[in-house]
Amino acid sequence: MKSLKITALFFLILNCAPKQDKLEVYDFQGIEQFLYFNDSKTYVINFWATWCAPCIKELPFFEQIQDEYKDEIEAILISLDFPSQYETKLKPFLKEKQLKSKVIVLDDVDMNSWIPKIDSKWDGAIPVTLIYNKEKRQFYPQSFTYNQLVTEVKKFIN
Amino acid sequence: MKKINLFLLTTFFATTLLSAQSGYDIGATATDFKLENIDGTFVSLSDFEQAKGFIVVFTCNTCPYAVAYEDRIEALNKMYATKGYPVIAIMPNNIEIKPGDSLDAMKRRAKEKGFTFPYLIDREQTIFPQYGATKTPHVYILEKSNDANVVRYIGAIDDNYKDANAVEVKYVEEAVNALLAKNPVSVTKTRAIGCSIKI
(Lines give C-alpha, C1' and ligand atoms only; values in the text may rest on other atoms or scores of the structure.)
Protein backbone atom coordinates (compact mmCIF):
# COMPACT_ATOMS: atom_id res chain seq x y z
CA MET A 1 0.00 0.00 0.00
CA LYS A 2 2.79 2.35 0.95
CA SER A 3 4.62 1.54 -2.21
CA LEU A 4 1.47 2.25 -4.16
CA LYS A 5 1.28 5.68 -2.56
CA ILE A 6 4.90 6.33 -3.34
CA THR A 7 4.36 5.18 -6.89
CA ALA A 8 1.34 7.46 -7.17
CA LEU A 9 3.34 10.35 -5.79
CA PHE A 10 6.15 9.54 -8.13
CA PHE A 11 3.83 9.65 -11.13
CA LEU A 12 2.28 12.86 -9.88
CA ILE A 13 5.68 14.50 -9.76
CA LEU A 14 6.65 13.00 -13.07
CA ASN A 15 3.47 14.30 -14.57
CA CYS A 16 3.88 17.81 -13.23
CA ALA A 17 7.55 18.38 -13.70
CA PRO A 18 7.92 18.03 -17.45
CA LYS A 19 4.76 19.95 -18.19
CA GLN A 20 6.46 23.33 -18.38
CA ASP A 21 8.94 21.84 -20.79
CA LYS A 22 6.35 20.32 -22.97
CA LEU A 23 5.89 21.89 -26.38
CA GLU A 24 2.47 22.42 -27.88
CA VAL A 25 2.98 21.07 -31.38
CA TYR A 26 0.26 21.30 -34.03
CA ASP A 27 -0.22 20.65 -37.70
CA PHE A 28 -1.84 23.46 -39.67
CA GLN A 29 -5.34 22.28 -38.89
CA GLY A 30 -4.48 22.51 -35.21
CA ILE A 31 -2.97 25.97 -35.59
CA GLU A 32 -6.02 27.44 -37.29
CA GLN A 33 -7.94 27.79 -34.02
CA PHE A 34 -5.39 30.40 -32.90
CA LEU A 35 -5.89 32.45 -36.05
CA TYR A 36 -9.60 33.09 -35.69
CA PHE A 37 -10.45 33.92 -32.07
CA ASN A 38 -13.63 35.93 -31.96
CA ASP A 39 -13.45 37.71 -28.60
CA SER A 40 -12.70 41.29 -27.60
CA LYS A 41 -8.91 40.93 -27.75
CA THR A 42 -6.52 41.79 -30.52
CA TYR A 43 -4.16 38.95 -31.35
CA VAL A 44 -0.60 39.45 -32.51
CA ILE A 45 0.52 36.23 -34.17
CA ASN A 46 4.20 36.02 -35.00
CA PHE A 47 5.84 33.25 -37.05
CA TRP A 48 9.44 32.73 -36.01
CA ALA A 49 12.20 30.19 -35.42
CA THR A 50 15.29 30.05 -33.25
CA TRP A 51 17.49 29.90 -36.38
CA CYS A 52 16.00 33.12 -37.77
CA ALA A 53 18.10 36.04 -36.53
CA PRO A 54 15.70 38.87 -37.41
CA CYS A 55 12.94 36.90 -35.65
CA ILE A 56 14.92 36.63 -32.44
CA LYS A 57 15.68 40.33 -32.59
CA GLU A 58 12.01 41.30 -32.60
CA LEU A 59 10.69 38.70 -30.11
CA PRO A 60 11.15 41.06 -27.14
CA PHE A 61 8.85 43.59 -28.84
CA PHE A 62 5.98 41.12 -28.81
CA GLU A 63 6.62 40.47 -25.15
CA GLN A 64 6.77 44.17 -24.47
CA ILE A 65 3.61 45.06 -26.34
CA GLN A 66 1.66 42.35 -24.58
CA ASP A 67 2.90 43.73 -21.31
CA GLU A 68 2.03 47.28 -22.23
CA TYR A 69 -1.49 46.54 -23.45
CA LYS A 70 -2.31 43.67 -21.12
CA ASP A 71 -6.06 43.83 -21.35
CA GLU A 72 -6.30 44.35 -25.04
CA ILE A 73 -3.58 42.28 -26.65
CA GLU A 74 -2.45 38.72 -26.65
CA ALA A 75 0.73 37.74 -28.44
CA ILE A 76 1.08 34.19 -29.73
CA LEU A 77 4.46 33.10 -31.01
CA ILE A 78 4.30 30.28 -33.55
CA SER A 79 7.65 28.54 -33.86
CA LEU A 80 8.63 26.91 -37.15
CA ASP A 81 11.66 25.19 -35.70
CA PHE A 82 12.54 21.77 -37.09
CA PRO A 83 11.33 18.83 -34.99
CA SER A 84 14.92 17.58 -34.91
CA GLN A 85 15.83 20.76 -33.02
CA TYR A 86 13.02 20.86 -30.46
CA GLU A 87 15.25 19.38 -27.76
CA THR A 88 18.57 20.89 -28.79
CA LYS A 89 17.54 24.43 -29.77
CA LEU A 90 13.93 25.36 -29.11
CA LYS A 91 13.46 24.06 -25.56
CA PRO A 92 16.76 25.49 -24.29
CA PHE A 93 15.90 28.81 -25.94
CA LEU A 94 12.47 28.95 -24.29
CA LYS A 95 13.95 27.98 -20.96
CA GLU A 96 16.57 30.69 -21.19
CA LYS A 97 14.24 33.46 -22.35
CA GLN A 98 11.27 32.59 -20.10
CA LEU A 99 8.87 34.16 -22.59
CA LYS A 100 5.56 35.32 -21.19
CA SER A 101 3.76 35.06 -24.50
CA LYS A 102 2.14 31.82 -25.49
CA VAL A 103 4.49 29.77 -27.64
CA ILE A 104 3.11 27.08 -29.91
CA VAL A 105 4.86 25.03 -32.58
CA LEU A 106 3.76 24.40 -36.15
CA ASP A 107 4.99 21.18 -37.72
CA ASP A 108 3.40 20.64 -41.12
CA VAL A 109 5.54 19.88 -44.17
CA ASP A 110 2.85 20.62 -46.73
CA MET A 111 3.72 24.31 -46.76
CA ASN A 112 2.45 24.96 -50.24
CA SER A 113 -1.05 24.28 -49.03
CA TRP A 114 -1.03 26.08 -45.67
CA ILE A 115 1.10 29.17 -46.37
CA PRO A 116 -1.50 30.78 -48.68
CA LYS A 117 -4.22 30.08 -46.10
CA ILE A 118 -2.44 32.40 -43.68
CA ASP A 119 -2.07 35.08 -46.34
CA SER A 120 -2.19 34.97 -50.10
CA LYS A 121 0.77 37.35 -50.33
CA TRP A 122 3.08 35.32 -48.10
CA ASP A 123 5.75 33.48 -50.06
CA GLY A 124 7.24 31.76 -47.03
CA ALA A 125 10.05 34.01 -45.80
CA ILE A 126 10.05 34.67 -42.04
CA PRO A 127 9.60 36.64 -39.86
CA VAL A 128 5.98 37.51 -40.60
CA THR A 129 3.25 38.72 -38.28
CA LEU A 130 -0.51 38.62 -38.42
CA ILE A 131 -2.53 41.06 -36.33
CA TYR A 132 -6.24 40.46 -36.04
CA ASN A 133 -9.33 40.95 -33.96
CA LYS A 134 -12.93 40.05 -34.62
CA GLU A 135 -13.30 43.04 -36.92
CA LYS A 136 -10.24 43.06 -39.10
CA ARG A 137 -6.94 41.40 -39.85
CA GLN A 138 -3.70 42.53 -41.41
CA PHE A 139 -0.67 40.51 -42.52
CA TYR A 140 2.84 41.94 -42.20
CA PRO A 141 5.62 40.22 -44.20
CA GLN A 142 8.35 42.20 -42.42
CA SER A 143 10.36 42.70 -39.26
CA PHE A 144 9.19 45.21 -36.69
CA THR A 145 10.78 47.82 -34.51
CA TYR A 146 8.88 48.35 -31.29
CA ASN A 147 7.53 51.70 -32.50
CA GLN A 148 6.30 50.21 -35.75
CA LEU A 149 4.57 47.46 -33.84
CA VAL A 150 2.87 49.94 -31.52
CA THR A 151 1.71 52.01 -34.50
CA GLU A 152 0.15 48.99 -36.15
CA VAL A 153 -1.40 47.58 -32.99
CA LYS A 154 -3.00 50.93 -32.18
CA LYS A 155 -4.96 50.70 -35.41
CA PHE A 156 -6.66 47.67 -33.91
CA ILE A 157 -7.29 48.70 -30.34
CA ASN A 158 -8.43 52.31 -30.80
CA MET B 1 8.50 68.25 -75.73
CA LYS B 2 11.05 68.31 -72.99
CA LYS B 3 8.28 67.99 -70.45
CA ILE B 4 6.86 64.95 -72.13
CA ASN B 5 10.26 63.34 -72.23
CA LEU B 6 10.73 63.96 -68.57
CA PHE B 7 7.30 62.50 -67.90
CA LEU B 8 8.07 59.42 -69.99
CA LEU B 9 11.41 59.04 -68.28
CA THR B 10 9.82 59.26 -64.84
CA THR B 11 7.16 56.75 -65.79
CA PHE B 12 9.82 54.48 -67.19
CA PHE B 13 11.88 54.58 -64.01
CA ALA B 14 8.83 54.20 -61.82
CA THR B 15 7.78 51.13 -63.80
CA THR B 16 11.27 49.69 -63.71
CA LEU B 17 11.43 50.23 -59.99
CA LEU B 18 8.06 48.59 -59.47
CA SER B 19 8.89 45.53 -61.52
CA ALA B 20 12.23 45.26 -59.78
CA GLN B 21 10.46 45.17 -56.43
CA SER B 22 7.97 42.51 -57.32
CA GLY B 23 10.33 40.36 -59.38
CA TYR B 24 9.49 37.94 -62.12
CA ASP B 25 6.26 36.20 -62.77
CA ILE B 26 5.79 33.14 -64.94
CA GLY B 27 6.58 33.97 -68.56
CA ALA B 28 8.95 36.83 -67.73
CA THR B 29 12.36 37.02 -69.34
CA ALA B 30 15.03 36.50 -66.70
CA THR B 31 18.15 38.61 -66.70
CA ASP B 32 21.55 37.10 -67.32
CA PHE B 33 24.37 37.93 -64.90
CA LYS B 34 28.08 37.62 -64.43
CA LEU B 35 28.76 36.42 -60.90
CA GLU B 36 31.84 35.04 -59.18
CA ASN B 37 31.92 31.29 -58.73
CA ILE B 38 33.61 29.38 -55.92
CA ASP B 39 36.41 28.45 -58.37
CA GLY B 40 37.28 32.12 -58.95
CA THR B 41 35.81 32.27 -62.46
CA PHE B 42 32.82 34.41 -63.41
CA VAL B 43 29.73 32.60 -64.62
CA SER B 44 26.92 33.77 -66.90
CA LEU B 45 23.92 31.90 -68.25
CA SER B 46 25.18 32.69 -71.76
CA ASP B 47 28.26 30.53 -71.05
CA PHE B 48 26.05 27.44 -71.28
CA GLU B 49 25.58 27.28 -75.01
CA GLN B 50 24.24 23.74 -75.01
CA ALA B 51 21.76 24.28 -72.20
CA LYS B 52 18.03 24.08 -72.87
CA GLY B 53 17.34 25.94 -69.68
CA PHE B 54 18.43 26.38 -66.07
CA ILE B 55 17.49 25.46 -62.55
CA VAL B 56 18.47 28.68 -60.76
CA VAL B 57 18.49 28.18 -56.99
CA PHE B 58 18.98 31.05 -54.57
CA THR B 59 20.52 29.29 -51.59
CA CYS B 60 23.15 29.67 -48.90
CA ASN B 61 25.20 27.88 -46.25
CA THR B 62 23.53 29.25 -43.17
CA CYS B 63 19.80 28.68 -43.58
CA PRO B 64 18.62 25.36 -42.13
CA TYR B 65 16.11 24.91 -44.95
CA ALA B 66 18.85 25.49 -47.52
CA VAL B 67 21.03 22.98 -45.69
CA ALA B 68 18.17 20.47 -45.62
CA TYR B 69 18.00 20.71 -49.41
CA GLU B 70 21.75 20.62 -50.24
CA ASP B 71 21.82 16.97 -51.23
CA ARG B 72 18.64 17.31 -53.24
CA ILE B 73 20.05 20.31 -55.13
CA GLU B 74 23.15 18.30 -55.95
CA ALA B 75 20.95 15.39 -57.08
CA LEU B 76 19.01 17.73 -59.37
CA ASN B 77 22.22 18.84 -61.03
CA LYS B 78 23.39 15.23 -61.49
CA MET B 79 20.03 14.32 -62.95
CA TYR B 80 19.44 17.28 -65.25
CA ALA B 81 22.76 18.95 -66.19
CA THR B 82 23.41 16.34 -68.86
CA LYS B 83 19.86 16.67 -70.11
CA GLY B 84 20.33 20.38 -70.66
CA TYR B 85 19.07 21.84 -67.38
CA PRO B 86 22.07 22.54 -65.13
CA VAL B 87 21.66 23.86 -61.59
CA ILE B 88 23.02 27.38 -61.09
CA ALA B 89 23.16 28.18 -57.37
CA ILE B 90 23.37 31.82 -56.28
CA MET B 91 24.11 32.93 -52.72
CA PRO B 92 22.22 36.22 -52.22
CA ASN B 93 22.90 37.15 -48.57
CA ASN B 94 24.83 40.17 -47.31
CA ILE B 95 27.95 38.49 -45.92
CA GLU B 96 28.49 41.23 -43.38
CA ILE B 97 25.30 40.06 -41.72
CA LYS B 98 25.96 36.39 -42.51
CA PRO B 99 29.74 35.81 -42.46
CA GLY B 100 28.97 32.10 -42.72
CA ASP B 101 27.96 32.77 -46.32
CA SER B 102 31.24 34.37 -47.44
CA LEU B 103 32.86 33.12 -50.63
CA ASP B 104 35.43 31.23 -48.56
CA ALA B 105 32.69 29.60 -46.52
CA MET B 106 30.84 28.75 -49.74
CA LYS B 107 34.01 27.14 -51.11
CA ARG B 108 34.42 25.06 -47.97
CA ARG B 109 30.79 23.94 -47.95
CA ALA B 110 30.86 23.06 -51.65
CA LYS B 111 33.97 20.98 -51.11
CA GLU B 112 32.52 19.18 -48.08
CA LYS B 113 29.32 18.38 -49.94
CA GLY B 114 30.95 17.74 -53.31
CA PHE B 115 28.81 20.23 -55.21
CA THR B 116 29.16 19.79 -58.96
CA PHE B 117 27.16 22.90 -59.88
CA PRO B 118 28.34 26.52 -60.02
CA TYR B 119 27.85 28.18 -56.63
CA LEU B 120 27.89 31.91 -57.30
CA ILE B 121 27.87 34.92 -55.03
CA ASP B 122 25.52 37.85 -55.71
CA ARG B 123 28.02 40.10 -54.02
CA GLU B 124 26.43 43.39 -55.06
CA GLN B 125 22.98 41.97 -54.25
CA THR B 126 21.66 43.21 -57.59
CA ILE B 127 20.52 39.94 -59.17
CA PHE B 128 18.20 38.40 -56.58
CA PRO B 129 15.95 41.52 -56.39
CA GLN B 130 15.46 41.41 -60.15
CA TYR B 131 14.33 37.81 -59.92
CA GLY B 132 12.22 38.65 -56.90
CA ALA B 133 13.81 36.04 -54.68
CA THR B 134 12.96 36.68 -51.04
CA LYS B 135 14.33 33.64 -49.27
CA THR B 136 16.64 30.66 -49.38
CA PRO B 137 16.09 28.22 -50.94
CA HIS B 138 14.08 29.82 -53.76
CA VAL B 139 14.02 28.17 -57.18
CA TYR B 140 13.50 29.72 -60.64
CA ILE B 141 13.35 27.35 -63.60
CA LEU B 142 14.22 29.09 -66.85
CA GLU B 143 13.64 27.79 -70.35
CA LYS B 144 15.85 28.98 -73.16
CA SER B 145 13.78 30.26 -75.99
CA ASN B 146 15.67 31.92 -78.85
CA ASP B 147 18.01 34.19 -76.95
CA ALA B 148 15.82 34.74 -73.92
CA ASN B 149 15.59 32.76 -70.68
CA VAL B 150 11.93 32.53 -69.85
CA VAL B 151 10.69 31.89 -66.28
CA ARG B 152 8.63 28.68 -66.21
CA TYR B 153 8.51 27.83 -62.50
CA ILE B 154 9.02 29.70 -59.21
CA GLY B 155 9.05 28.17 -55.77
CA ALA B 156 10.06 25.18 -53.74
CA ILE B 157 12.04 22.06 -54.65
CA ASP B 158 9.47 19.62 -53.30
CA ASP B 159 6.78 19.30 -50.66
CA ASN B 160 8.75 17.91 -47.73
CA TYR B 161 11.81 19.76 -46.45
CA LYS B 162 12.13 17.36 -43.54
CA ASP B 163 12.47 14.06 -45.26
CA ALA B 164 13.51 13.52 -48.87
CA ASN B 165 12.10 10.00 -48.69
CA ALA B 166 8.66 11.19 -47.67
CA VAL B 167 8.28 13.68 -50.53
CA GLU B 168 5.00 13.34 -52.37
CA VAL B 169 5.41 15.95 -55.09
CA LYS B 170 8.78 16.81 -56.60
CA TYR B 171 7.84 20.23 -57.97
CA VAL B 172 11.15 21.00 -59.69
CA GLU B 173 11.55 17.54 -61.24
CA GLU B 174 8.01 17.61 -62.54
CA ALA B 175 8.52 21.04 -64.07
CA VAL B 176 11.82 20.16 -65.75
CA ASN B 177 10.43 16.83 -67.00
CA ALA B 178 7.51 18.67 -68.53
CA LEU B 179 9.81 21.20 -70.23
CA LEU B 180 12.06 18.42 -71.56
CA ALA B 181 8.99 16.70 -72.98
CA LYS B 182 7.90 20.03 -74.49
CA ASN B 183 4.79 20.04 -72.34
CA PRO B 184 3.47 22.95 -70.31
CA VAL B 185 4.48 22.99 -66.65
CA SER B 186 1.39 22.10 -64.62
CA VAL B 187 2.36 23.53 -61.22
CA THR B 188 4.15 26.80 -61.94
CA LYS B 189 4.29 28.38 -58.48
CA THR B 190 4.66 26.90 -55.02
CA ARG B 191 5.47 28.26 -51.60
CA ALA B 192 7.63 27.09 -48.76
CA ILE B 193 9.06 28.49 -45.58
CA GLY B 194 12.58 29.77 -45.97
CA CYS B 195 15.08 32.19 -44.47
CA SER B 196 14.62 35.77 -45.60
CA ILE B 197 17.51 37.00 -47.73
CA LYS B 198 19.75 39.20 -45.58
CA ILE B 199 20.22 42.68 -47.03
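What you see below is based on every heavy atom in this structure, not just the backbone, and it leaves out hydrogens, waters and symmetry mates. Just so it is clear, the model here is predicted, and its values are computed rather than measured. Protein chains get the first letters and strands the later ones, always in sequence-line order, with residue 1 at the start of each.
Contacts between A/L80 and chain B at a heavy-atom distance below 4.5 Å involve backbone atoms as well as side-chain atoms. A/K89 does not touch chain B: none of its heavy atoms, backbone or side chain, sits under 4.5 Å away. If you measure heavy-atom distances from B/Y171 to chain A, the contacts under 4.5 Å come from the side chain alone. For B/K198, the part lying near chain A is the side chain, with the backbone staying farther off; criterion is any non-hydrogen pair under 4.5 Å. At a 4.5 Å heavy-atom cutoff, the contact between B/A192 and chain A is made by backbone and side-chain atoms alike.
The hydrophobic clustering, which links ILVMFWY residues whose side-chain heavy atoms are closer than 4.5 Å, places A/I118 and A/F34 together. Note on B/F58: it clusters hydrophobically with B/I88, by side-chain heavy-atom contacts below 4.5 Å among ILVMFWY residues. The hydrophobic clustering, which links ILVMFWY residues whose side-chain heavy atoms are closer than 4.5 Å, places B/V56 and B/I141 apart. The cluster map of Ile, Leu, Val, Met, Phe, Trp and Tyr, joined by side-chain heavy atoms under 4.5 Å apart, puts B/L179 and B/I154 in different clusters. Both B/F33 and B/F54 belong to a common hydrophobic cluster when Ile, Leu, Val, Met, Phe, Trp and Tyr are linked at side-chain heavy-atom distances under 4.5 angstrom.
The neighbour count for B/D147 CG, taken as heavy atoms of other residues, nucleotides or ligands under 6.0 Å away, does not exceed 12. Other residues, nucleotides and ligands contribute more than 12 heavy atoms inside 6.0 Å of the CD atom of B/E112. Around the NZ atom of B/K170, the shell of radius 6.0 Å holds no more than 12 heavy atoms that belong to other residues, nucleotides or ligands. With a 6.0 Å radius and a threshold of 12 heavy atoms from other residues, nucleotides or ligands, A/Q33 has its CD atom above the threshold.
Residue A/S120 comes nearest to B/R191 through the heavy atom pair O-NH1, 2.6 Å, listed as atom of the first residue, atom of the second, then distance.
Side-chain atoms of A/M111 and B/Y65, non-hydrogen and from C-beta on, do get closer than 4.5 Å to each other. With contacts defined as side-chain heavy-atom distances shorter than 4.5 Å, the pair A/N112/B/K189 does not qualify. In this structure, the side chains of A/D110 and B/E168 stay at 4.5 Å or more apart for every pair of heavy atoms. A heavy-atom distance below 4.5 Å is not found between the side chains of B/D159 and A/V109.
Using a 4.5 Å cut-off between non-hydrogen atoms, no part of residues 129-139 of chain A approaches chain B. Heavy-atom neighbours of chain B within the stretch residues 47-62 of chain A, taken at a separation under 4.5 angstrom, comprise A/W51, A/P54.
Put simply, the side chain of B/K135 gets close to the backbone of A/D123: a donor and an acceptor are under 3.5 Å apart. Counting only distance, with no hydrogens or angles, the side chain of B/S196 and the backbone of A/I126 share a donor-acceptor pair below 3.5 Å.
One finds the CH2 atom of A/W114 at 3.5 Å from the CD1 atom of B/I193 (value rounded to the nearest 0.5 Å).
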